[in-house]
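Notes to accompany the following structure.
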Amino acid sequence: MSVLEILNDKQKEAAGQLEGPVLILAGAGSGKTRVLTNRTAYMIDEAGISPWNILAITFTNKAADEMRERIDRLVGQGCESIWVATFHSTCVRILRRHIDLLGFDNNFTIYDTDDSKSVIKEILKRREVDSKQYPDKRFLNWISSCKNELSSPEDEMEEALGDYTDELYAKVYKDYQDALRKNNALDFDDLIMKTVELFKAFPEVLENYQNRFLYIMVDEYQDTNTAQFELIRLLADKNKNICVVGDDDQSIYKFRGANIRNILDFEKVYPNAKVIKLEQNYRSTQTILDAANSVISNNSSRKPKSLWTDRGEGEKIRFINTDTAYEEAETIVDMICREKRAGKCEYRDNAILYRTNAQSRILEEKCIMAGIPYSVVGGVNFYSRKEIKDILAYLKTIDNGKDDLAVRRIINVPKRGIGATTIGKLADYGTEHGLNFYDCCIRAEEILGHGKAADKISEFVSLIGLFKSKLEFITIEQLINDIVDRTDYEEMLTESDPDDAAERMENIGELINKAVSFEEQTDEPTLSQFLEEVALVADIDNVDENADKVMLMTLHSAKGLEFPNVYLAGMEDGLFPGFMSICSDDETEIEEERRLCYVGITRAMNRLTISAARSRMIRGETQYNAVSRFVKEIPDELFEGRGPVRPSKEEPVRKFEYSTPGAATRKTAPATSTPSRPVVAPKPFIARATAFTSLKKGADIASAAAPDYGPGDRVSHMKFGAGTVLNVEKGARDYEVTVDFDGFGTKKMFAAFAKLSKI
DNA sequence: CGTACTAGTCTTTTT
DNA sequence: GACTAGTACG
């Protein structure tokens, strides 16, 4: 029987079309992974294509592993030679072979965002750039988007046309690239950009890969940025056998350069492309799909499509509206508890999804209190924890002394009496003579002269030398243990914070576990390879679906996953959609948020629960938010009970009962004592958008004049209409005004932006 | 040279 | 509220 037999007609069509450009528009839950895997199996088993000629690219390691596993199950032989990898690891593999052509050392290190930030900081310091006026983060983001658009420092310099600020950016970009090159390092964006650069500069290298990759597949195509698009275009240019799978409605990575036009304009780039839509959903109930469809249909720039299922109507959507975020968390956790106790589900069937990582804390707390096993995906990346970064810095130093950042990170960790002055002297010498920091350490005596400082440095150098000499005889596991022992690392942890030393040591233990399994799985494991693998893991890669735990994660992390029960928490205007997107004039920002909402809804298989809190603490301030506009885009009849009632246009807009001056200053109620409550009957609330005035960065608000209104005055605002001033406070740069708007609740805003006028 | 306190920022999402 | 960077002091 053909591997295509089990597919539906559309899927079959998509999987059977091997030649030429193919665009598969795969709606959520329409079985796109199945199409990709069966397509691959069909290529190998039935079309006689060599696995060696197939390239499949994904965004996460998890997706790549899953794809490989599933192909393995379908095809007996030869799958190991299929190239299934993420964009980033594909590029690393290519660059490891050829980057010397671009003047880098082939054992380059990969910098994560933290590393990049340190480099930028140093450059800004050296250039004496005012970090108040130009925060380092802005340079970081700016450089990243340049790279995503394949624009070099030289391009940017040209484009600056003598403009001071633009030239400053271009110069910093140039410095940054020079620093990376000196450290023999590439950042995430470089991996893609340098590969494209390589292919363009050395057509014979490109051709080599074109001849190998006769059939190319790209998953999650809607998330590709310009650089990734170009990479794929180059690779596919000779044979044009390119099959991309994606869903424009699930494009949620604009902030990191994803260009939705890549998928919307695929047919323009490849006019003879075959386009196939997969609209039958195998995951969710009709109710859930109806909700998803009704939300996403409010977006304008999308390819029209509508998901359907034969799974039947299923259960209605639940809606919870609580007074505080604590009660929200408690209600959700309580629901999961009950259902588990009633034997209706396992813990692992439940996922709580939210917009921002900050929301996880309260949910986590409530899970602990209820004794529910849970697992939080994301937040602080495992590999960005201090202790892990320290150990990795040791490993990097041992592996490749060229990485100045790594060396400087650990030269005095644990404390060995090497101070800032000494480090500064060595670093300055290095910049002057074009030497790496570690090389300067080796010549410490020459640079610093005889003395205590030089001795200390020598001790450090011989410690690293000792590890280096052992490297070929011991495993990475032994090496890490050795580092921890010889540096008295644990002692340092205990001294600095006895309470979490144990946890930090556990994390190091976890790193050792990773090392062990890496060494087991790899033929000839090297330290460089290990460091590389570690650099390219995402949080989602380590998710274990088999553990019986409730999953807590952001909506972004949830993409590609499915759960029987999904809880969408914090569905409030100002949080989701975020206030940035509400305030923005750019309509596409709200559309991106809406797509994110669509992704969230479509994660649910059987039951969807949506919740919102009337008040919550954000950045130490209590905010009062209206229920998310997205919730109101879902028809009432899909909700259990009457649903979130929307007021008719004529109906006078009512105030929240908590939007009173007294409530504004009231501490959030301790939620511990509140008994778990049933789903709160939705109350009529205000339908229109609420927004917070955002303090635009870089805006000039140096001298704010005192406002002409005070507490008790009635004022009017462009967006929120009339309201009563509760408080006026002199802030750092501007007057902060608290206003209780009729129908929008209490807002805190900056006078310069709010443009309030007295009535 | 190392520590302790203070002020300022942050929050959208991540390979 | 939490974390970080920068500063003042021992």
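Chain letters run A, B, ... following the sequence lines, proteins first, then strands; residues in each count from 1. Bear in mind the structure is a predicted one, so any value in this text is a computation, not a measurement.
Across all strands, F59(A) comes closer than 4.0 Å only to sugar-phosphate atoms, never to a base (heavy-atom distances). Within the nucleic acid shown, N357(A) comes within 4.0 Å of sugar-phosphate atoms alone, with no base atom in reach, counting heavy atoms only. Here E592(A) lies out of heavy-atom contact (under 4.0 Å) with every strand.
Salt-bridge formation is not detected for the pair E328(A)/K366(A): no Lys NZ or Arg NE/NH1/NH2 atom is positioned less than 4.0 Å from an Asp or Glu carboxylate oxygen. Using a cut-off of 4.0 Å between Lys/Arg side-chain N and Asp/Glu carboxylate O, R302(A) and D248(A) are scored as not salt-bridged. Taking 4.0 Å as the cut-off between side-chain N and carboxylate O, E572(A) and R614(A) do not count as a salt-bridged pair. Salt-bridge annotation for D136(A) and K117(A): absent, with no side-chain N of the basic residue lying under 4.0 Å from a carboxylate O of the acidic one.
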Produce the list of close N/O pairs, under 3.5 Å, pairing protein atoms with atoms of nucleotides 4-8 of chain C; give distances to one decimal.
unit_1, atom_1, unit_2, atom_2, d
dA5(C), OP1, K121(A), NZ, 3.1

Between the protein and nucleotides 2-6 of chain B, which nitrogen or oxygen pairs are less than 3.5 angstrom apart?
unit_1, atom_1, unit_2, atom_2, d
dG2(B), OP1, G417(A), N, 3.4
dT3(B), OP2, K415(A), NZ, 3.4

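For R355(A) and dT13(B), a side-chain-to-base donor-acceptor distance below 3.5 Å is present, hydrogens and geometry of angles not being considered.
In terms of modelled atom types and a separation under 3.5 Å, the side chain of N148(A) and the main chain of N225(A) share no donor-acceptor contact.
Atom CG of D187(A) and atom C1' of dT14(B) are 14 Å apart (whole Å). Protein atom CD1 of I618(A) is 12 Å distant from nucleotide atom C1' of dG1(C), rounded to whole Å. Rounded to whole Å, the distance from CD on Q359(A) to C1' on dT11(B) is 10 Å. If you take NE2 of H556(A) and C1' of dT13(B), they are 4 Å apart, rounded to a whole angstrom. Look at CZ on F576(A): it is 14 Å from P on dT12(B), rounded to the nearest Å. One interatomic measurement links the two molecules: CZ of R361(A) to P of dA2(C), which rounds to 6 Å at whole-angstrom precision. Distance CD (E220(A)) to P (dT14(B)): 15 Å, rounded to an integer number of Å.
Distance from the side chain of F579(A) is smallest for dT11(B) among the nucleotides dT13(B), dT11(B), dT15(B). Of the candidate nucleotides dT14(B), dC1(B), dT15(B), dT14(B) has the atom nearest to the side chain of F255(A). Checking dT15(B), dT11(B), dT12(B) against every side-chain atom of A358(A), the shortest atom distance belongs to dT11(B). Out of dT12(B), dG1(C), dT14(B), the shortest distance to the side chain of S557(A) is found at dT14(B).
Contact between the side-chain N/O atoms of N225(A) and the OP1/OP2 oxygens of dT15(B) is not found at any separation under 4.0 Å. Under 4.0 angstrom from either OP1 or OP2 of dC1(B) there lies at least one side-chain N or O belonging to T422(A). Listed pair K137(A) / dT9(B) fails the phosphate criterion, with no side-chain N or O lying under 4.0 Å from OP1 or OP2. In this structure, T554(A) does not reach the dT12(B) phosphate: none of its side-chain N or O atoms is under 4.0 Å from OP1 or OP2.
For F139(A), the ring-ring contact (aromatic ring centres under 6.0 Å, His included) partners at least two apart in sequence or on another chain are Y169(A).
Relative to the six-membered ring of F563(A), R603(A) misses at least one condition, a distance below 6.0 Å or an angle of at most 45° to the axis. Taking the centre and axis of the six-membered ring of Y598(A), the NZ or CZ atom of R595(A) falls outside the cone set by 45° and 6.0 Å.
If you take atom P in dT4(C) and the same atom in dT13(B), they sit 15 Å apart, rounded to whole Å.
Note on ring orientation: taking the six-membered ring where Trp is involved, the planes of F530(A) and F518(A) are tilted (angle from 30° to 60°).
Aromatic ring centres of F255(A) and H556(A): separated by under 6.0 Å.
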